[in-house]
Amino acid sequence: MRIFIYPGSFDPVTNGHLDIIDRASKICDKLIVAVLINRSKKPVFSMEERVAFLDEILEGRPNIVVIPFSGLLVDFMKKQKATTVIKGLRAVSDFEYEFQMALLNKNLNPEIETLFMMTNINYSYLSSSAVRELAAYGGNIRDLVPDIIVDRIYAKFRSNE
Ligand code: ADP
């Protein structure tokens with residue numbers, strides 16, 4: 001059984017993430033969407049909110065599971081019996097960091113592979129931080145995240161004011 005893992009903060013999940021999730025889930029038997037418990041950055045959305053958004057959006061997708069994680073990705077992967085990390089690449093600016101992470105993980109566990117998926121051209125500009133920034137100033141996020149979370153994202157920024 002090929003178990004792949006797609007790690008990220010998903011603060012909040014965007015249509016760019018979902019595009020990668022869709023495509024990745026087709027080339028493995030099980031895809032684990034691993035939601036990072038950040039140590040350095042405080043997320044805008046709590047772990048519970050980030051996981052709930054993903055769970056709702058991915059409901060009915062039998063080979064996708066959403067699991068929070070902290071600590072080293074290689075340790076989590078071992079526990080979950082995952083073999084492969086999936087990463088999305090938007091621009092050259094993503095490359096340097098991802099290149100370093102992939103080599104670091106390879107060094108920690110040579111059996112782990114990292115696969116990079118090129119962004120869908122329509123989402124190449126899209127990031128969670130762009131969504132947060134737009135939502136905070138009342139900009140239009142409707143084409144950037146799934147409909148069912150739009151209002152909750154706006155509500156979050158209203159309640160933070
Ligand atoms: P962001 O960079 O949007 O804050 P994350 O840190 O949660 O998101 O990213 C998790 C993974 O998703 C990373 O591999 C990142 O490169 C990828 N990713 C994020 N947005 C996109 C997008 N629009 N297209 C392709 N990959 C993406």
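Order of appearance sets the numbers: ligands from 1, and atoms from 1 within every ligand.
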* Going by distance only, is there an N or O of H17 that falls short of 3.5 Å from an N or O of ligand 1? -> yes
* **Distance (rounded to the nearest 0.5 Å) between F45 CZ and I149 CD1** => 7.5 Å
* Asked: Salt bridge check: are D147 and R142 linked by an N-O gap of less than 4.0 Å?
  -> no
* To do: Would you give the length of the straight line joining atom CD1 of I32 to atom CD of Q80, rounded to the nearest 0.5 angstrom?
  => 4.0 Å
* **Electrostatic pair E56-R152, nearest N-O below 4.0 angstrom** => yes
* Structure fact -> At under 4.0 Å between heavy atoms, what of I20 touches ligand 1? The answer is side chain
* To do: Check each atom of ligand 1 against the heavy atoms of G16 and keep those under 4.0 Å away; list them by number with element.
  => 22 (C), 23 (N)
* Asked: Taking only heavy atoms of Y123, which atoms of ligand 1 are found under 4.0 Å from at least one of them?
  -> 22 (C), 23 (N)
* Those atoms of ligand 1 less than 4.0 Å from some heavy atom in K87 -> 14 (O)
* Asked: Which atoms of ligand 1 have any heavy atom of P7 under 4.0 Å away?
  -> 10 (C), 11 (C)
* To do: Check whether any N or O atom of F10, backbone or side chain, sits under 3.5 Å from an N or O atom of ligand 1, and answer yes or no.
  => yes
* To do: Evaluate ring-ring contact (aromatic ring centres under 6.0 Å, His included) for F53 paired with F10, printing each intermediate quantity in order.
  => CA-CA 9 Å; F53 287 172; F10 307 105; over 10 Å; no
* Asked: Does any N or O atom in S128 lie less than 3.5 angstrom from one in ligand 1, N or O only?
  -> yes
* **N63 (side chain) donor-acceptor with S25 (main chain) under 3.5 angstrom** => yes
* Asked: Heavy-atom distance to atom 24 (N) of ligand 1: which of N120, T119, D11, T114 wins?
  -> T119
* Asked: Considering only the protein, which heavy-atom contact is closest to atom 20 (N) of ligand 1, and what is its distance?
  -> R90 NH1, 3.2 Å
* Asked: Can any side-chain N or O of D11 pair as donor or acceptor with the backbone N or O of V44 at less than 3.5 Å?
  -> yes
* Ion pair check, R23 and D19, cut-off under 4.0 Å -> yes
* Asked: Is F116 atom CZ crowded by more than 12 heavy atoms from other residues, nucleotides or ligands, each under 6.0 Å away?
  -> yes
* **Protein heavy-atom partner closest to atom 26 (N) of ligand 1 - residue, atom, separation in Å** => G88 CA, 3.5 Å
* To do: Could you check atom 12 (O) of ligand 1 against the protein and tell me its nearest heavy-atom contact, residue, atom and distance included?
  => Y6 OH, 2.6 Å
* Counting from 1, what ligand 1 atoms have a heavy atom of G8 closer than 4.0 Å? -> 7 (O), 10 (C)
* Any donor-acceptor pair under 3.5 Å linking the side chain of K30 with the backbone of F4? -> no
* **T14 heavy atom under 4.0 Å from ligand 1** => no
* Asked: Quick one: which ligand 1 atoms are inside 4.0 Å of a heavy atom on S127?
  -> 3 (O)
* Asked: Does the N or O separation between I86 and ligand 1 drop below 3.5 Å for any pair?
  -> no
